[in-house]
Each structure stands twice: as structure tokens, then as C-alpha cells.
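Report on the structure given below.
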Amino acid sequence: QVQLVESGGGLVQAGDSLRLSCVASGRSFGNYVMGWFRQAPGKEREFVAAIKWSVSTTYYADSVKGRFTISKDNAKNTVYLQMNSLKPEDTAVYYCATRPVFGGIYNLTSVYGYWGQGTQVTVSS
């Protein structure tokens with residue numbers, strides 16, 4: 001069964017940077033898409049970024065474009081989310097998720113079949 005394990009969260013100050021990691025296991029992910037989502041207390045889970053495993057195509061939410069960068073290391077079966085210029089409103093539990101490549105939609109929680117447990121990111125003022 002597919003397993004996704006996030007790490008790298010923590011407590012930082014506004015303007016600082018963090019890099020989150022998601023290690024995937026259980027199958028070959030060559031034909032999959034990896035997405036990052038986040039959920040703040042009292043808010044719905046929202047899309048952050050996504051990347052195709054086998055190509056360089058990336059997708060970003062407008063709220064993080066220019067500040068966050070998604071990347072991957074196929075040899076390590078790991079996807080990263082580099083977060084720069086963090087703001088207090090970025091505070092949330094960050095989740096990685098994966099799905100097979102089909103449909104062309106990458107920003108909805110409902111199209112992802114596998115989820116990690118999440119890692120907490122807290123940004124103080």
C-alpha cells in the first residue's frame with residue numbers, strides 16, 4: 001500500500017524559510033502527480049502546489065506563487081516544498097498527496113487518493 005511521510009515542519013519567524021520533504025513508498029510513482037496541501041485551524045484544506053513525477057511541469061496556488069517551489073528527487077522517491085518569505089497566514093498542517101496522472105486537475109483534494117499524516121508549520125510575527 002502507498003505510504004507518504006512528511007517532515008521538515010517547525011516554528012519559524014515571518015520572513016524565514018523552511019523546506020518540507022515527502023518520502024513516498026509502496027509503488028513506482030513514474031506516472032503519478034504529487035501535491036502539497038495545507039489546512040489551518042478552522043479552515044478547509046487548500047491546494048498549495050503539485051508536480052508530475054516524470055516531467056518538470058509544476059502548478060502553484062496564487063497565494064504561494066513566487067515564494068514556494070516544489071521539486072523532486074526521483075532516486076530518493078522524495079518531493080520537496082521550499083517555502084521562502086513565510087507569513088503568519090502560511091501557518092497550517094501541510095500534507096502531501098499523490099494520484100495517477102489523469103483528468104488534468106491537480107488543485108482539488110477530491111482527486112487525490114493517498115495522503116500523508118501531515119507536518120505542522122507555524123510562522124510567528
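Counting begins at 1 with the first residue of the sequence. The structure presented is a predicted model; accordingly, all values stated were derived computationally and were not measured.
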Between CG on residue D16 and CG on residue N84, distance to nearest 0.5 Å: 10.0 Å
Any side-chain heavy atom of R27 sitting closer than 4.5 Å to one from Y32? yes
Within 45 degrees of the axis of the six-membered ring of F37 and under 6.0 Å from its centre: does R45 put its NZ or CZ there? no
In terms of heavy-atom contacts, G116 and Y95 come closest through O-CD2, 3.5 Å
Do T119 and S7 come close enough that some side-chain heavy atom pair is under 4.5 Å? no
Taking C-beta and beyond as the side chain, do W36 and C22 meet within less than 4.5 Å on heavy atoms? yes
Is it the case that over 12 heavy atoms from other parts of the model lie below 6.0 angstrom from the CD atom of Q3? no
How about CG on N31, more than 12 heavy atoms from neighbouring residues, nucleotides or ligands closer than 6.0 Å, or not? no
To the nearest 0.5 angstrom, please state how far the CG atom of N77 sits from the NZ atom of K72. 10.5 Å
Check whether more than 12 heavy atoms from other residues, nucleotides or ligands sit under 6.0 Å from atom CD of E89, and answer yes or no. yes
Option from L81, T57, I70 for which side chain to side chain contact (heavy atoms under 4.5 Å, CB included) with I51 holds: I70
CZ of R67 to OG of S85: how many Å apart, nearest 0.5 Å? 7.0 Å
Applying a strict under-4.5 Å side-chain criterion to I, L, V, M, F, W and Y, I'd like to know whether V79 and V64 cluster together. yes
Just wondering, do Q82 and S17 contact through their side chains at under 4.5 Å, heavy atoms? yes
So if you build clusters from Ile, Leu, Val, Met, Phe, Trp, Tyr with side-chain heavy-atom gaps below 4.5 Å, do Y112 and V23 land together? no
Keeping the roles fixed (side chain from N107, backbone from F47), state whether a donor-acceptor pair exists under 3.5 Å. no
Under 3.5 Å side-chain donor-acceptor pair for Y106 and R99: no
Do T98 and L4 have side chains that get closer than 4.5 Å, going by heavy atoms? yes
Closest non-hydrogen atom pair between V33 and A50, with its separation: CG1-CB, 4.1 Å
Flag yes if more than 12 heavy atoms outside Q120 fall under 6.0 Å of its CD atom; otherwise flag no. yes
Gap separating the CG atom of L86 from the OG atom of S124, nearest 0.5 angstrom: 10.5 Å
If you define the side chain from C-beta out and look only at heavy atoms, does anything of S21 sit under 4.5 Å from E6? no
OG (S125) and CD (Q13) are apart, to the nearest 0.5 Å, by 9.5 Å
Nearest non-hydrogen partners of R38 and A92, listed with the distance: CB-CB, 3.8 Å
Do Y60 and V48 touch side chain to side chain, with heavy atoms closer than 4.5 Å? no
Please determine whether a side-chain nitrogen of the Lys or Arg among D90 and K87 lies less than 4.0 Å from a carboxylate oxygen of the Asp or Glu. no
With a 4.5 Å heavy-atom cut-off, do V12 and T122 have their side chains touching? no
Measure centre to centre between the rings of W53 and F29, then say whether the value is under 6.0 Å. yes
Count I, L, V, M, F, W, Y as connected when their side-chain heavy atoms are under 4.5 Å apart, and connections chain through other members. Are W115 and M34 then in the same cluster? no
Classify the side-chain pair R19/Y80 by whether it contains a donor and acceptor separated by less than 3.5 Å. no
